[in-house]
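Reviewing the structure listed below.
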Amino acid sequence: NAGVTQTPKFRVLKTGQSMTLLCAQDMNHEYMYWYRQDPGMGLRLIHYSVGEGTTAKGEVPDGYNVSRLKKQNFLLGLESAAPSQTSVYFCASSYPSGWDVSYNEQFFGPGTRLTVL
Amino acid sequence: QQQVKQSPQSLIVQKGGIPIINCAYENTAFDYFPWYQQFPGKGPALLIAIRPDVSEKKEGRFTISFNKSAKQFSLHIMDSQPGDSATYFCAASRSYQKVTFGTGTKLQVIP
């Protein structure tokens, strides 16, 4: 199994450009998440999905949109990129597995490093 | 509003030392407290996790200590090795809801 994969690994955008980040998982997980990681800020949740066709806002959703048309894919879109969106973006997936200490373990992808000039 | 506060931001220890990373939470409804380990250029990965009905959990050289009344928990790494150099995130969640992460601690273990 590949686990969680992210495309692309690196990207440089100019202010105002748009792009879509693709996340794919082959673990049949129900839940998927998009985070951004910035120095000193930890991992901040942008949007998440608890199942195919459903999405919800996280902590920092402004400037981003998402779609979960297929269970295995979760797309993150930037309609008009801004320098403040320069960050490393991580996708994760999970499946609540009941009352044990591994429940809601999140499996992360390798990340996408985005620079907005 | 930061619901999980983590300290220190960075930590340097000698090989064999016992680094300790501390976290505090505010929401008493949290019932799952994981720690994630992240190596440079990689995504975080679950290291160890605990539920609030136990005060300590050990897995190899890694130990979580949990103090429910103080709403604090910590990670101890026994006999630390240079290979433990990474960023560590504490986190908390309630049942099947989304996980809230701390801000991370960058650990460097020097030979």
Side-chain angles (χ1 to χ4, degrees), chain A residues 2-6 9-10 21 23 25 27 29-51 54-61 66 74 88-113, chain B residues 1-10 21 23 25 27 30-59 62-64 66 73 86-106:
Chain A
V4 179
T5 58
Q6 292 183 232
K9 290 183 170 54
F10 302 93
L21 282 67
C23 176
Q25 53 96 3
M27 296 174 284
H29 283 171
E30 290 293 337
Y31 290 18
M32 296 187 74
Y33 314 81
W34 275 107
Y35 294 91
R36 60 178 290 173
Q37 182 176 17
D38 303 289
M41 304 293 287
L43 292 157
R44 293 183 292 169
L45 183 64
I46 304 171
H47 287 280
Y48 65 102
S49 168
V50 298
T54 70
T55 63
K57 294 180 180 180
E59 182 185 354
V60 289
V66 289
F74 195 28
V88 181
Y89 291 86
F90 287 100
C91 176
S93 68
S94 71
Y95 183 84
S97 59
W99 281 96
D100 60 50
V101 294
S102 65
Y103 85 107
N104 208 18
E105 174 183 356
Q106 303 209 348
F107 294 81
F108 284 82
T112 295
R113 184 173 295 275
Chain B
Q1 180 184 4
Q2 184 183 355
Q3 296 191 57
V4 180
K5 295 183 179 180
Q6 182 172 349
S7 63
Q9 187 171 1
S10 62
I21 304 170
C23 286
Y25 63 96
N27 187 347
F30 286 146
D31 60 4
Y32 173 64
F33 301 89
W35 286 87
Y36 284 78
Q37 180 187 53
Q38 182 184 30
F39 293 107
K42 305 292 185 183
L46 180 66
L47 179 65
I48 185 173
I50 196 170
R51 284 185 295 169
D53 55 348
V54 296
S55 60
E56 185 176 274
K57 181 175 182 183
K58 292 183 180 180
E59 284 189 4
F62 299 91
T63 299
I64 299 178
F66 189 85
F73 58 110
T87 298
Y88 293 82
F89 293 96
C90 63
S93 71
R94 178 184 176 189
S95 297
Y96 302 122
Q97 297 184 13
K98 54 190 184 292
V99 175
T100 299
F101 287 88
T103 52
T105 297
K106 186 174 183 179

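Labels below follow one simple rule: chain letters A, B, ... track the order of the sequence lines, proteins then strands, and each chain is numbered from 1.
- Going from atom OH of A/Tyr35 over to atom CZ of B/Phe101 covers 4.5 Å, rounded to the nearest 0.5 Å.
- Contact of A/Leu43 with chain B is made through backbone and side chain together, with heavy-atom distances under 4.5 Å.
- If you measure heavy-atom distances from A/Gln106 to chain B, the contacts under 4.5 Å come from both the backbone and the side chain.
- Neither the backbone nor the side chain of B/Phe33 comes within contact range of chain A; no heavy atom of the residue lies under 4.5 Å from a heavy atom of that chain.
- For the set B/Lys106, B/Gln9, B/Gln38, the count of heavy-atom pairs under 4.5 angstrom toward chain A peaks at B/Gln38.
- Note: A/Gln37 CD to B/Thr103 OG1 = 11.0 Å, rounded to the nearest 0.5 Å.
- The number of heavy-atom neighbours closer than 6.0 Å to CZ of A/Arg44, taken from other residues, nucleotides and ligands shown, is above 12.
- Using a 4.5 Å cut-off between heavy atoms, B/Pro44 touches chain A through backbone and side chain atoms alike.
- For A/Met27, the CE atom is densely surrounded, since the number of other residues' heavy atoms within 6.0 Å is greater than 12.
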